[in-house]
Amino acid sequence: MKSLLVVSYARDRLATTDAASRAEALTCLGDDARVLHTDDGWIAFDGEDPGDRVDHTGASFTLRLGRAARTRTGDVTTAELAEQLGKGTKADGVALAELVPPFAAAHRSGPGEPTVAATDWLGFRQLFWWQGDGVAAISTSALALGALAGAGLDHGALGLQSLVGWQVGLGTVFAQVEKVPAGCLAVLDAGRVETHRYVEQSLALDGPAPSLPEAVDEMAGMLREFLRAYIADHPTTVLQLTGGQDTRVLLAALSPETRRGLRALTLDVRGGSDATLAEKLSAMCGLDLHLHWLDEQPPVTPAAAHRMALRAAAALDGMASPLALAPLLLAEGHLEQGHRLSGLGGEACRGFYYFGQPRHASTSPHLIGQLANWRLYANEAVDARALEPGFVASARTDALDRITASFDGAPPQWLRATDHFYLYQRMQRWAGAHGSVAAVNRFFINPMFDRRFIQLAHSVSPDQKGSGLLTGQLIHRLDRELAAVPLDSGLVPARLGQPGIRDRAAAARVTARKLSRKVRQRLRHSGRAQLGAAEVAALVVEHWRTEPDVLAPLRNNGIVREAWLAELLAGRRESAPATVAFLTNLLVATAPRPVT
């Protein structure tokens with residue numbers, strides 16, 4: 001199921017939703033949304049999966065809100081999901097936590113029964129809920145709930161997004177609409193919705209933490225087990241191959257026999273490092289490699305680019321960069337949407353935010369503020385000149401308050417707290433927004449999202465994760481020959497896996513170069529555009545200048561400066577991709593089906 005909206009009314013009153021709001025909500029689900037009335041409300045959905053089960057009356061259903069439902073060892077059937085979710089709040093949390101993200105499903109046993117929706121343990125597959133007066137709803141679309149609620153935009157959430165580029169916490173760009181938390185069930189019944197946790201966010205292991213060699217051995221065994229079972233069940237699977245560490249881990253975890261003839265896919269531009277390294281690795285392992293050149297696609301007109309950006313913004317619910325997604329959606333339109341292995345999740349093994357941070361500090365408001373200013377606001381911050389001064393001023397305060405609140409429940413040791421933030425904030429809210437789009441289009445499989453694997457990664461000390469030590473040892477443990485091949489950074493995994501000062505220093509220099517670019521971006525107020533984003537941004541602005549009425553919903557909204565917008569449309573000012581992305585998201589959130 002690609003999109004779902006379930007609405008429930010209180011039994012003691014004849015609550016209804018406004019007809020116009022309902023119609024607008026339905027447009028957010030897709031052009032072919034189907035509506036079924038139930039005894040306490042209605043459901044609407046678009047893009048049924050062959051595995052879905054829906055009674056024609058809407059009285060009962062089991063819907064897979066993503067194509068994959070998989071544990072480490074095997075696929076989970078719709079009947080098994082129905083049995084598990086049919087237990088409601090008494091569902092087996094251990095069994096649900098074994099499902100590898102992205103995963104979500106919704107189930108109703110029959111008339112008078114509640115609807116139970118589950119997201120994965122990481123909250124990677126995005127689900128949302130809204131509670132009104134005598135009416136409540138859950139949906140895969142925050143846009144649909146925002147339209148249904150009619151509550152307007154959340155300026156605090158938008159202020160945060162204008163600095164970070166994505167959301168932190170459980171908020172959305174709509175007031176009263178929230179994300180279902182990680183590892184939770186959303187139970188909808190008689191006009192009320194409640195969330196119930198089935199697994200704790202703590203990733204602590206039972207008993208003493210393993211040594212680094214013990215952790216590496218278990219992680220290697222888990223990946224081999226996962227991939228052996230998956231390829232056996234789905235032999236046409238494609239490995240998405242890049243020049244980085246994470247897909248190298250997956251490639252090394254495959255047995256030599258499995259690699260031979262296995263299909264691989266690399267997206268790159270001519271002259272890119274990913275393609276060069278993918279060709280070398282494919283020759284070594286006997287992979288059947290397909291190179292897809294992102295810069296050799298048919299030309300895109302400004303009007304088409306604008307439509308692409310709007311579709312991408314809607315797919316992301318206005319909460320991540322549509323300019324990053326649009327070129328990928330264009331490329332994926334030419335590619336088979338079957339079973340795809342991804343290395344997403346591997347960054348949990350490397351300490352994403354470690355560089356430049358004090359090694360033995362305790363979490364404090366000062367450190368959180370520094371992280372926000374020098375890392376979180378670097379890449380996707382909107383040009384403040386494009387925004388109303390009052391909005392900009394409140395954005396800083398609101399954003400820091402929300403970011404600080406997101407550290408509640410994190411480990412007290414600072415570097416471990418940043419690991420927690422990376423996983424449950426950046427991975428859940430940024431990567432999860434993009435991953436939810438992939439999850440409904442193909443079998444999007446991420447072996448390193450196995451919860452036990454992540455628990456082991458988090459059990460390793462920051463000193464052993466930093467500078468690639470853990471990942472280097474993991475690749476070396478899986479395949480020494482592949483560990484000797486340099487990554488696209490020039491670093492050699494086998495050397496990263498050694499505790500020697502020289503190679504750890506080399507890794508630190510690579511990280512330092514990356515961080516210095518972020519510092520320059522911060523000082524110059526210029527973010528780094530994603531692959532293809534700059535080209536899409538230029539085309540979108542060109543369309544706006546040709547059809548300025550498209551931006552009518554953004555005028556006089558208290559967020560965008562009218563004078564700046566006039567200068568942009570007149571060609572007297574240019575705009576960075578991050579700003580164009582924010583305006584596109586704002587346009588879709590303000591008018592879900594704007595004039596194109």
Side-chain angles (χ1 to χ4, degrees), residues 27-28 30-31 143 161-162 165 173 267-270 272 292-335 379-383 385-387 433-434 437 441 526-557 559-596:
T27 66
C28 300
D31 295 329
L143 286 174
Q161 192 163 314
S162 73
V173 297
L267 307 179
D268 205 353
V269 295
R270 291 288 181 181
H292 186 84
W293 302 110
L294 294 171
D295 54 346
E296 290 188 359
Q297 298 179 89
V300 176
T301 66
H306 186 236
R307 288 193 296 271
M308 287 166 45
L310 292 178
R311 285 196 295 270
L316 295 166
D317 286 295
M319 290 185 282
S321 174
L323 304 189
L325 180 61
L328 294 178
L329 289 179
L330 181 63
E332 290 289 355
H334 302 286
L335 298 171
N379 270 359
E380 298 183 67
V382 174
D383 183 351
R385 295 169 297 181
L387 306 174
H434 288 272
V437 180
N441 291 329
S526 62
R528 177 181 57 82
Q530 298 93 341
L531 183 65
E535 293 80 2
V536 176
L539 290 169
V540 168
V541 171
E542 186 176 345
H543 178 73
W544 289 348
R545 288 168 177 166
T546 304
E547 302 287 343
D549 289 345
V550 166
L551 297 184
L554 301 188
R555 295 191 170 95
N556 303 313
N557 64 357
I559 298 175
V560 182
R561 281 187 62 227
E562 181 67 26
W564 182 93
L565 197 60
E567 290 178 356
L568 177 72
L569 294 177
R572 296 193 299 273
R573 181 183 294 278
E574 298 302 324
S575 180
T579 302
V580 177
F582 181 79
L583 296 180
T584 303
N585 279 329
L586 188 58
L587 186 62
V588 166
T590 305
R593 285 297 174 96
V595 177
T596 58

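Nothing here was measured: the structure is a model prediction, and the numbers come from that model.
- For Leu586 against Thr590, the heavy-atom pair with the smallest separation is O-OG1, 2.7 Å.
- His334 is listed as a side-chain neighbour of Gln297, based on a closest heavy-atom distance under 4.5 Å.
- Proximity of Arg311 to His306: side-chain heavy atoms (C-beta onward) are nowhere separated by under 4.5 Å.
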Report the C-alpha separation of Ser575 and Asp383 in whole Å, then their side-chain angles, then the decisive distance to 0.1 Å, and conclude whether the side-chain contact (heavy atoms from CB on, under 4.5 Å) test is met.
CA-CA 8 Å; Ser575 180; Asp383 183 351; over 6 Å; no
Apply the test side-chain contact (heavy atoms from CB on, under 4.5 Å) to residues Thr301 and Leu539: give CA-CA distance (whole Å), side-chain angles for both, the deciding distance (0.1 Å), then the verdict.
CA-CA 7 Å; Thr301 66; Leu539 290 169; over 6 Å; no
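- With sequence neighbours left out, the side-chain contact (heavy atoms from CB on, under 4.5 Å) criterion links Leu551 to Trp544, Leu554, Leu565, Leu569, Leu587.
- Smallest separation of non-hydrogen atoms from His543 and Pro302: CB-O, 3.6 Å.
- Between the Asp317 side chain and the Met319 main chain, no donor and acceptor come within less than 3.5 Å of each other.
- Side-chain contact between Ser321 and Phe582 is absent, with no heavy atoms from C-beta onward closer than 4.5 Å.
- Side-chain atoms of Asn557 come within 3.5 Å of backbone atoms of Val560 as a donor-acceptor pair (strictly under, hydrogens ignored).
- Considering only residues two or more places apart in sequence or on other chains, Glu567 meets the salt bridge (charged side-chain N to carboxylate O under 4.0 Å, His left out) condition with Arg573.
- Side chain of Glu380 to main chain of Gln161: no donor-acceptor pair is present (N/O by atom type, distance under 3.5 Å, no hydrogens or angles).
- The heavy-atom pair separating Ala581 from Leu323 by the smallest distance is N-CD1, 3.8 Å.
- For the pair Asn585 (side chain) and Ala320 (backbone), a donor-acceptor distance under 3.5 Å is present.
- Asp295 places a side-chain N or O within donor-acceptor distance of the main-chain N or O of Arg270, the cut-off being under 3.5 Å.
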Could you go through Asp268 and Trp293, starting from their C-alpha distance and side-chain angles, then the distance that decides it, and tell me whether this counts as side-chain contact (heavy atoms from CB on, under 4.5 Å)?
CA-CA 5 Å; Asp268 205 353; Trp293 302 110; 4.2 Å; yes
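- Between Leu294 and Pro327 there is no side-chain heavy-atom pair separated by less than 4.5 Å.
- Across Ala312 and Ala326, no two heavy atoms sit closer than the pair CB-N, 3.9 Å.
- Of all the heavy atoms in Ala309 and Thr584, the pair that sits closest is O-CG2, 3.8 Å.
- Closest heavy-atom contact between Ala324 and His434: CB-CE1, 4.2 Å.
- To the nearest 0.5 Å, atom CD of residue Glu562 and atom CG of residue Asn556 are 5.5 Å apart.
- The salt bridge (Lys or Arg N to Asp or Glu O under 4.0 Å) analysis of residues 574-587, with sequence neighbours excluded, yields the pairs Arg545-Glu574.
- With hydrogens and angles disregarded, no donor-acceptor distance shorter than 3.5 Å links the side chain of Thr579 to the backbone of Val382.
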Using the rule given for side-chain contact (heavy atoms from CB on, under 4.5 Å), can you reason through Val173 versus Leu143, listing the C-alpha separation, both sets of side-chain angles and the distance that settles it, and then say yes or no?
CA-CA 9 Å; Val173 297; Leu143 286 174; 5.8 Å; no
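- A 4.5 Å side-chain heavy-atom check between Glu332 and Asn441 finds every atom pair outside the cut-off.
- Rounded to the nearest 0.5 angstrom, Leu330 CG and Met308 CE are separated by 4.5 Å.
- Between Val437 and Leu316, some side-chain heavy-atom pair lies under the 4.5 Å cut-off.
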